[in-house]
Amino acid sequence: MGKITVHHLQVSQSERIPWLLEELGVPYELKNYKRAPLLAPDDYKTLHHSGAAPVIHDTDGDLTLAESGAIVEYLAHKYGGGRFFVKPSDAGYADFLYWWHWANGTFQPGVARPMYIRAAAPDSQMAGMAQQKLGRAVKALDEQLAKNEFIAGKDLTVADIMVVFSLTTMRYFSPYSLEEYPSILKYLEKIGKREAYRTAMSKSDPDMELVLGANPPTKPLIQTA
């Protein structure tokens, strides 16, 4: 087994990787990097040509890998025996696939879009459209969680590990309320009680207040006029 190093940019989506490894019970070395002051510092940008988080290094094959989805899939299959993935033979496979790809293909861009528009044109028609689209996405997730323990069924999957960042830490950048979504709030309460999640977050962002409730942080990282 190779030695895995997780290069974690604090207050970022790379929090998913320590959480996954804690759930899998796979040992890893964690290297934390502070933002400088908002984006990744120069030494982080040199780790991979993407210049973005997350990045891991595996001594088995001297592999450096970026992209959340790619890293999650690599680690879960190589070191976890495919745990937290749903098998094609399972009845919920297609549903799992949808939400697994929805997390970064639809939801995270939907959370980020209002942030960019607020900075560039806060009073534009696009700002209202972005908020409406985000509202539809959050409503769809709330409805999904109303009928499931976790996003893709009764068990935790990598779909959950991908989605939770956009419901929690991402609100430091793009604040939005979850007050109208009781199923999501119940779900986040459940996630917050998981030992693996709490351990990972205490290691990766020990000074950050977890955002598991209805309200976004009172001090977002991006200030707008």
Could you check Val211, Val111, Val11 and say which one makes a side chain to side chain contact (heavy atoms under 4.5 Å, CB included) with Met170?
Val111
Kindly check if the number of other-residue, nucleotide or ligand heavy atoms within 6.0 Å of CD (Glu209) is above 12?
no
Quickly, which of Arg16, Glu73, Glu15 forms a side-chain hydrogen bond (donor to acceptor under 3.5 Å, both in side chains) with Ser68? Name it, please.
Arg16
Validation row: Tyr197, Leu210 side chains within 4.5 angstrom (heavy atoms):
yes
May I ask you to decide if Thr199's main-chain N or O and Ser202's side chain share a donor-acceptor pair within less than 3.5 Å?
yes
If every non-hydrogen atom of Ala40 is compared with every non-hydrogen atom of Gly51, which pair is closest and at what distance?
CB-O, 4.4 Å
Should Phe96 and Asp90 be marked as a side chain to side chain contact (heavy atoms under 4.5 Å, CB included) after you check the CA-CA gap, both sets of side-chain angles, and the distance that decides it?
CA-CA 10 Å; Phe96 159 75; Asp90 291 346; over 6 Å; no
May I ask you to check whether Asp95 and Gln144 show a side-chain donor-acceptor distance below 3.5 Å?
yes
Specify the closest pair of heavy atoms between Lys190 and Glu149, including all atoms of both residues, with the distance to one decimal.
NZ-O, 2.8 Å
Could you tell me whether Glu23 and Arg83 have a side-chain N and a carboxylate O separated by less than 4.0 Å?
no
Residues Leu212, Glu189; criterion side chain to side chain contact (heavy atoms under 4.5 Å, CB included); working and verdict:
CA-CA 7 Å; Leu212 295 166; Glu189 183 180 6; over 6 Å; no
Do side-chain atoms of Asp160 reach the backbone of Thr157 as a donor and acceptor pair under 3.5 angstrom?
yes
For Gln10 and Ser204, indicate whether the former's side chain and the latter's backbone hold a donor-acceptor pair under 3.5 Å.
yes
For the pair Trp19 and Ile191, evaluate side chain to side chain contact (heavy atoms under 4.5 Å, CB included) and give the outcome as yes or no after the intermediate values.
CA-CA 11 Å; Trp19 179 20; Ile191 293 294; 4.0 Å; yes
Which atom pair, heavy atoms only, marks the closest approach of Phe85 to Val72?
CE1-O, 4.3 Å
Output, in order, the C-alpha distance, side-chain angles, deciding distance and verdict of side chain to side chain donor-acceptor pair (under 3.5 Å) for Tyr187 and Asp142.
CA-CA 9 Å; Tyr187 167 75; Asp142 193 65; over 6 Å; no
So Trp102 and Trp99, would you call those rings parallel, tilted or perpendicular, with 30° and 60° as cut-offs?
perpendicular
Could you tell me if Thr64 and His48 have a donor-acceptor pair between their side chains, going purely by distance under 3.5 Å?
no
Report yes or no: is the cationic atom of Lys3 (NZ for Lys, CZ for Arg) under 6.0 Å from the centre of the six-membered ring of Tyr28, at an angle within 45° of the ring normal?
no
Can any side-chain N or O of Asn32 pair as donor or acceptor with the backbone N or O of Lys203 at less than 3.5 Å?
yes
Do Thr46 side-chain atoms and Asp43 backbone N/O form a donor-acceptor pair below 3.5 Å?
yes
Between His7 and Tyr44, a side-chain donor and acceptor under 3.5 Å:
no
Taking every non-hydrogen atom, the tightest pair across Pro54 and Gln13:
CD-CG, 4.1 Å
Are Arg35 and Leu9 close enough that some pair of their side-chain heavy atoms sits under 4.5 Å apart?
yes
Stepwise, does the side chain to side chain contact (heavy atoms under 4.5 Å, CB included) test hold for Phe107 with Leu167?
CA-CA 9 Å; Phe107 190 40; Leu167 289 171; 3.7 Å; yes
Under 6.0 Å from the CD atom of Glu67, do we count more than 12 heavy atoms belonging to anything else shown?
no
Quiz question: by atom type and distance under 3.5 Å, do the side chains of Tyr74 and Asp58 form a donor-acceptor pair?
yes
